[in-house]
Trainee: 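The structure follows.
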Amino acid sequence: MGPGCTMGPGNILILMALLHSGAAFLKSEAYFNETAELPCQFLNSQNLSLNELVIFWQDQKKLVLYEFYLGKENLNNVDPKYMQRTSFDQNSWTLRLHRAQIKDKGVYQCIIHHKSPTGLVPHHQKDTELSLFANFTEPEIVQMSNVTENSGINLTCSSGQGYPKAMKMYFLLKLENSTELEYEGVMQTSQDNGTELYNVSISSYVPLPDGVSNVTIFCVLKAKSMKSREIEICSKPFCRVPRQPSPIAHQPSWIIAVILIFLILCGMACCLWKRKKKQRIVVSNKETTRMEKDTNEETEERMKIYVPERHDREVQCAV
Ligand SMILES: *[C@@H]1O[C@H](CO)[C@@H](O)[C@H](O)[C@H]1NC(C)=O
Ligand SMILES: *[C@@H]1O[C@H](CO)[C@@H](O)[C@H](O)[C@H]1NC(C)=O
Ligand SMILES: *[C@@H]1O[C@H](CO)[C@@H](O)[C@H](O)[C@H]1NC(C)=O
Ligand SMILES: *[C@@H]1O[C@H](CO)[C@@H](O)[C@H](O)[C@H]1NC(C)=O
Ligand SMILES: *[C@@H]1O[C@H](CO)[C@@H](O)[C@H](O)[C@H]1NC(C)=O
Ligand SMILES: *[C@@H]1O[C@H](CO)[C@@H](O)[C@H](O)[C@H]1NC(C)=O
Ligand SMILES: *[C@@H]1O[C@H](CO)[C@@H](O)[C@H](O)[C@H]1NC(C)=O
Ligand SMILES: *[C@@H]1O[C@H](CO)[C@@H](O)[C@H](O)[C@H]1NC(C)=O
C-alpha cells in the first residue's frame with residue numbers, strides 16, 4: 001500500500017463530518033421554464049396541525065417566496081418576483097416554483113415555526129440548492145461556401161438554448177471502413193441577455209482523407225445534464241462523397257472524342273464524294289451540310305449530359 005492510501009481514524013471522522021454536513025443540503029434540479037421543487041422534508045412526528053405552524057420559504061437574499069401562516073396563505077410578505085409562481089403541496093410539504101428561470105438557481109430555505117404560548121419558536125429548517133438545466137438544440141451543420149475541393153470543406157456547426165455552458169463541440173467523420181476522425185474547432189459561446197441560455201458554434205476546415213469515396217460528417221455537442229451526467233447530442237448526418245477522377249468517369253468523354261473525330265472524318269469523306277456528284281445534283285449538297293450540322297449538335301448535347309452526371313458524384317445529402 002502506498003503512503004497515499006493510508007487513512008487514520010481521525011481523517012475518516014473529518015470525512016464523515018463533511019459528508020454529513022453535505023447531506024443536510026438538499027439538491028434539487030429543474031429544467032428551464034418548468035417547475036422546480038423545493039422540499040421541506042418535514043416529518044411532523046408530533047402531529048402538529050397547520051393551524052399552529054408558520055411555514056415559509058426564502059431565497060438567498062431573504063426574499064419570501066411563499067408563506068403559510070397559522071393555516072392560511074399569507075401573501076403580504078411575498079416578494080413580487082415570486083407572486084403567482086408558487087404552489088404549496090400540503091401533503092409532501094413541498095413548494096413548487098413554476099416557470100423556473102436560470103436566475104432562480106441558488107439556495108433556498110424552508111423554515112417552520114411553531115406557535116407556543118410564549119410566541120413563535122423555530123421548529124424545522126431545510127436548505128435546498130436548486131440547479132437549472134436546459135437541453136441544447138440538435139446541432140446543425142452548414143457548409144460555409146460552395147467551393148468544391150477534394151481536399152476538404154469549411155463547415156460551421158451551431159446549437160443553442162442550453163444551460164449550463166457546453167463542454168465541447170466537434171466534427172466527427174465516419175469513413176466507409178468505419179474509421180472515425182474528430183476535428184475540433186474553436187467554440188464560440190454567447191449568452192442570451194434575457195434568458196441567460198447559451199448559444200454555441202464552431203467553424204472548422206474539415207480535411208477529407210485521400211482515397212476515400214464516402215464520408216459521413218456529424219457534429220457532436222458534449223454538455224452537462226441532470227444527475228451529474230454528461231450527454232452527447234449529435235447532429236443529423238451530413239454526407240459527402242468527394243469527387244474522384246476515376247478512369248470510369250473519363251472513359252465516356254474519351255469515346256465521344258473518338259466518335260466526334262470519326263464523324264468529322266466521315267463528313268469530310270462524304271463532302272469529297274458529294275463534290276464529285278455536285279455537277280449532277282446541286283440541291284442534295286445543301287441537305288448534307290445541314291445533316292452534318294445536326295449530327296454535331298447531337299454529339300454536343302450528348303456531351304452536356306455527361307457533365308452533370310460527373311457532378312452528381314459529389315452529392316450533399318444533408319438529410
Ligand atoms: C415558457 O413556457 C411557456 C409555456 O409554459 C411558453 O409560452 C414560453 O414561450 C416559454 N418561454 C421560453 C423562454 O421558452
Ligand atoms: C394527527 O392529528 C389529527 C387531528 O389533528 C388526527 O386526526 C390524526 O389521527 C392524528 N394522527 C396521528 C398519527 O396521531
Ligand atoms: C432534455 O433531454 C432529456 C434527454 O436527454 C429528456 O429526457 C428531457 O425530457 C429533455 N427535457 C426537456 C425540457 O426538453
Ligand atoms: C450554395 O449553393 C446553393 C444552391 O446551389 C445555394 O442555395 C446556397 O445559398 C449556396 N451557399 C453559399 C454559401 O454560397
Ligand atoms: C476555407 O476557408 C479558408 C479560410 O477562410 C479558405 O482559405 C479556404 O479556401 C476555404 N476552403 C474551402 C474549401 O472553402
Ligand atoms: C480507413 O481508411 C483510411 C483512409 O483511407 C485509412 O487511413 C485507415 O487506416 C483505414 N482504416 C482501417 C481500419 O482500415
Ligand atoms: C446584452 O447586454 C450587453 C451588455 O449589457 C449588450 O452589449 C448586448 O448588446 C446585449 N445583447 C443583446 C442581444 O441584447
Ligand atoms: C455512404 O455510406 C453510407 C453508410 O456508410 C451509405 O448509407 C450510403 O449509401 C453510402 N453512399 C454512397 C454514395 O456510397
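Just so it is clear, the structure is predicted and the values come from calculations on it, not from any experiment. The first residue of the sequence shown is numbered 1, and numbering continues consecutively from there. Remember, it's 1-based here, ligands and their atoms both numbered in the order they're listed.
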Trainee: Name all pairs fulfilling the ring-ring contact (aromatic ring centres under 6.0 Å, His included) condition that reach into residues 160-203, sequence neighbours left out, sorted by first residue then second.
Mentor: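 Of all non-adjacent pairs touching residues 160-203, those that pass ring-ring contact (aromatic ring centres under 6.0 Å, His included) are Tyr163-Tyr198.
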Trainee: Identify each donor-acceptor pair in which a side-chain atom of residues 66-73 lies under 3.5 Å from a protein atom, sequence neighbours left out, and give them as a table.
Mentor:
{"from": "Tyr66", "atom 1": "OH", "to": "Glu73", "atom 2": "OE2", "distance (Å)": "2.9"}
{"from": "Glu67", "atom 1": "OE1", "to": "Asn74", "atom 2": "ND2", "distance (Å)": "3.4"}
{"from": "Glu67", "atom 1": "OE1", "to": "Asn77", "atom 2": "ND2", "distance (Å)": "2.7"}

Trainee: Heavy-atom contact check, 4.0 Å cutoff: does Ser151 meet ligand 5?
Mentor: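 Distance cut 4.0 Å: Ser151 fails for ligand 5.
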Trainee: Below 4.0 angstrom from a heavy atom of Gly152, which ligand 5 atoms are there? Numbered from 1 as shown, please.
Mentor: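 Those atoms are 13 (C).
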Trainee: Atoms of ligand 5 less than 4.0 Å from Asn154 heavy atoms?
Mentor: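 Checking each atom against Asn154, I get 1 (C), 2 (O), 3 (C), 8 (C), 10 (C), 11 (N), 12 (C), 14 (O).
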Trainee: Compare all side-chain heavy atoms of Leu53 with those of His113 and state whether any distance is below 4.5 angstrom.
Mentor: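 Side chain of Leu53 against side chain of His113, heavy atoms only: no contact under 4.5 Å found.
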Trainee: Who passes side-chain hydrogen bond (donor to acceptor under 3.5 Å, both in side chains) against Glu138, sequence neighbours left out?
Mentor: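 Expected list: Lys236.
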Trainee: Using a 3.5 Å cut-off on N or O atoms only, is Tyr205 in polar contact with ligand 5?
Mentor: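 N/O-N/O distance under 3.5 Å: no.
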Trainee: Honestly, is Lys174 close enough over Phe218, meaning NZ or CZ under 6.0 Å from the six-membered ring centre and within 45° of the axis?
Mentor: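 Cation-pi check for Lys174 and Phe218: passes.
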Trainee: Numbering the atoms of ligand 5 from 1, which are under 4.0 Å from a heavy atom of Ser145?
Mentor: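 So the atoms of ligand 5 that pass are 14 (O).
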Trainee: Does this structure show an ion pair linking Arg85 with Asp104, if we count only N-O contacts that are shorter than 4.0 Å?
Mentor: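 A salt bridge is present here (some side-chain N lies under 4.0 Å from a carboxylate O).
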Trainee: Once you restrict both partners to nitrogen or oxygen, which atoms of ligand 3 have a protein partner under 3.5 Å, and how far apart are they?
Mentor:
{"from": "ligand 3", "atom 1": "2 (O)", "to": "Asn135", "atom 2": "OD1", "distance (Å)": "3.3"}
{"from": "ligand 3", "atom 1": "2 (O)", "to": "Asn135", "atom 2": "ND2", "distance (Å)": "2.4"}
{"from": "ligand 3", "atom 1": "11 (N)", "to": "Asn135", "atom 2": "ND2", "distance (Å)": "2.9"}
{"from": "ligand 3", "atom 1": "14 (O)", "to": "Asn135", "atom 2": "ND2", "distance (Å)": "3.0"}

Trainee: So, are Glu52 and Lys115 salt-bridged, with charged N and O less than 4.0 Å apart?
Mentor: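 Salt bridge: no.
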Trainee: Under a 4.0 Å N-O cut-off, is there an ion pair linking Glu29 with Lys105?
Mentor: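 No, no charged N to carboxylate O under 4.0 Å.
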